[in-house]
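Below is one structure, written out as structure tokens; the observations come after it.
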Amino acid sequence: MAIQGQSWGGYQVAYLITKTNMFKAAGAGAPVVNMTSAYGGIRWGTGMSRMFQYEQTQSRIGGTLWEKPLYFLENSPLFTMDRVQTPVLIMHNDADGAVPWYQGIEMFMALKRLNKPAWLLQYNGEDHNLTQRKKCQRPLHPFESIL
């Protein structure tokens, strides 16, 4: 059985693979893995502070980084990447306006440093979700893998 998620679902995948080894493979798209580093950022598209997400909405921490630092650490998968046994494919694009793309890099670099099976896909000029449809330069042979 595998698991895959994008954005908030990407975060959930990253978190879950630090807590269980029940999945044979995982895909995490645009995951927040370090709430302490993402907290002080902005959403590139709107310029809006990301702090509200952690304090009041999606993450539901219920306080600032200074009021509840342990909550931020406990809910950041980065700090428990050493527990990951599941091979994971991470996708995070450099023009992501919602989640800082270095979050995917932080996850990938941690897993590689820990000698864990991980791959990172990063598409130049792509936003939070893939929108551009790349044209194939040549037709694929019917038996040729596109992976």
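Reckoned from all heavy atoms, side chains included, excluding hydrogens, waters and symmetry mates.
- Between Phe72 and Tyr39, the two ring planes are perpendicular [angle over 60°; tilted spans 30° to 60°].
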Test side-chain hydrogen bond (donor to acceptor under 3.5 Å, both in side chains) on Gln103 and Asn34; report intermediate values, then the result. CA-CA 7 Å; Gln103 291 289 310; Asn34 184 349; 5.7 Å; no
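- For Tyr71, the OH atom is loosely surrounded, since the number of other residues' heavy atoms within 6.0 Å does not exceed 12.
- For the 3.5 Å distance criterion, the side chains of Asn93 and Gln122 fail to qualify, holding no donor opposite an acceptor.
- Under the 3.5 Å distance criterion, with hydrogens and angles disregarded, no donor-acceptor pair is assigned to the side chains of Thr80 and Glu74.
- Between the side chain of Asp96 and the main chain of Ala98, a donor-acceptor pair closer than 3.5 Å is present.
- A distance-only check finds a donor-acceptor pair linking the side chain of Thr46 to the backbone of Met48 [under 3.5 Å].
- Counted within 6.0 Å of CH2 on Trp44, heavy atoms from surrounding residues, nucleotides or ligands total 12 or fewer; the atom is thus considered open.
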Residue pair Leu120, Lys112: steps toward the side chain to side chain contact (heavy atoms under 4.5 Å, CB included) verdict: CA-CA 10 Å; Leu120 175 63; Lys112 294 314 282 183; over 6 Å; no
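- Side-chain atoms of Glu55 and Thr64 form no donor-acceptor pair, as typed in the model, at a separation below 3.5 Å.
- Atom CE of Met109 sits in a sparse spot, with 12 or fewer heavy atoms from other residues, nucleotides or ligands closer than 6.0 Å.
- Lys19 has its side chain within reach of Arg83: a pair of non-hydrogen atoms, C-beta onward, lies under 4.5 Å apart.
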